[in-house]
Amino acid sequence: IGGSANMLAIRDAIQVPDSVFLPMVIVDVVVAYSWMSILLLGAGKQQAFDRWIRADLNLVKQLKTSVVPLQSQPSRLLDYWSYTAISAVALIFSYVLSRMIPAAPGFSNQTWMILLVTLFALFASNVTLLKRVALRWSGGAYFLLFLVLASVGAKGNLKEFTSAPLLIGLGFFVILIHTGFLLIAARWLRTPLGLVAVASQANIGGPVSAPIVGATYAPSLASVGVLLGIFGNIIGTFAGLLCAILCRWVVGG
């Protein structure tokens, strides 16, 4: 759930070794963007799909009037320094507080720090002044994310990617389960294919790619993709940690 930022957060939170994590980077790219291409191709079939499930097309019309597009503003030098200072304060505060919280099974000090940073970001997103700074500097934030991903990949050893085909197969198996739930929900709720596709990409790709999928189906769904992608980022870290706890419970670790 969520995008690459959530994947990196979970990796640090549960301290996944590079030998395990690096092949998952390939899975993330191959599976997520293969599925995105399928969703984009589905735009040409949305009328047939909507007729099949008797979709309520008023849902898209209502969203067109109720969702306000998120618009970024030109960046200024002051915004870069403000964003950097806010991020530094959040990291220092989260680091100090995480060391004060006792570690528990499945929740190390590193895990607590990741959760605290996520909660701080969620709080900051509701503060008008901080929200304006973040909108202006969103491009810089994505640059840092891609820089981290590149640094992770640079540590890789090609010998470690021998398990990637199996993991990619498992990734597509998860997508099949995901698709099954989507079809059941779409038929039950009579949801148009455009909304289904945006929700799917928001879960798998995040706020960068979800608006692209949404705009392919209808211009008004681009903003919906941004909002759903952000929501996926918010819950992605918590849901990922929950999955890690369940996996440890299954194996008795």
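- The side chain to side chain contact (heavy atoms under 4.5 Å, CB included) check on Val89 picks up nothing, with sequence neighbours excluded.
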Under 3.5 Å, side-chain donor or acceptor atoms of residues 171-200 against the rest of the protein: list the pairs with distances, not counting sequence neighbours.
| residue | atom | partner | partner atom | Å |
| --- | --- | --- | --- | --- |
| His178 | NE2 | Ser200 | OG | 2.8 |
| Thr179 | OG1 | Ile175 | O | 2.8 |
| Arg190 | NE | Arg54 | O | 2.6 |
| Arg190 | NH2 | Arg54 | O | 3.3 |
| Ser200 | OG | Trp35 | NE1 | 2.7 |

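- Side-chain atoms of Leu8 and Phe21, non-hydrogen and from C-beta on, do get closer than 4.5 Å to each other.
- Checked by atom type and distance alone, the side chain of Ser37 pairs as donor or acceptor with a backbone atom of Ser34 at under 3.5 Å.
- Residue Leu41 shares its hydrophobic cluster (ILVMFWY side chains chained together at separations under 4.5 Å) with no other residue.
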Show the atom names and distances, to 0.1 Å, of all donor-acceptor pairs under 3.5 Å that link a side chain in residues 234-246 to residues at least two apart or in another chain.
| residue | atom | partner | partner atom | Å |
| --- | --- | --- | --- | --- |
| Thr237 | OG1 | Asn6 | ND2 | 3.0 |

Please set out all donor-acceptor pairs under 3.5 angstrom arising from side-chain atoms of residues 205-218, sequence neighbours excluded.
| residue | atom | partner | partner atom | Å |
| --- | --- | --- | --- | --- |
| Ser209 | OG | Gln201 | NE2 | 2.8 |
| Thr216 | OG1 | Ile212 | O | 2.8 |
| Tyr217 | OH | Leu39 | O | 2.4 |
| Tyr217 | OH | Ala43 | N | 3.3 |

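- The distance from the CD1 atom of Ile168 to the CE atom of Met24 is 9.5 Å, given to the nearest 0.5 Å.
- Within a 6.0 Å radius of CZ in Phe49, more than 12 heavy atoms belonging to other residues, nucleotides or ligands are found.
- Every residue two or more places apart in sequence or in another chain that forms a side chain to side chain contact (heavy atoms under 4.5 Å, CB included) with Tyr33 is listed here: Val29, Met36.
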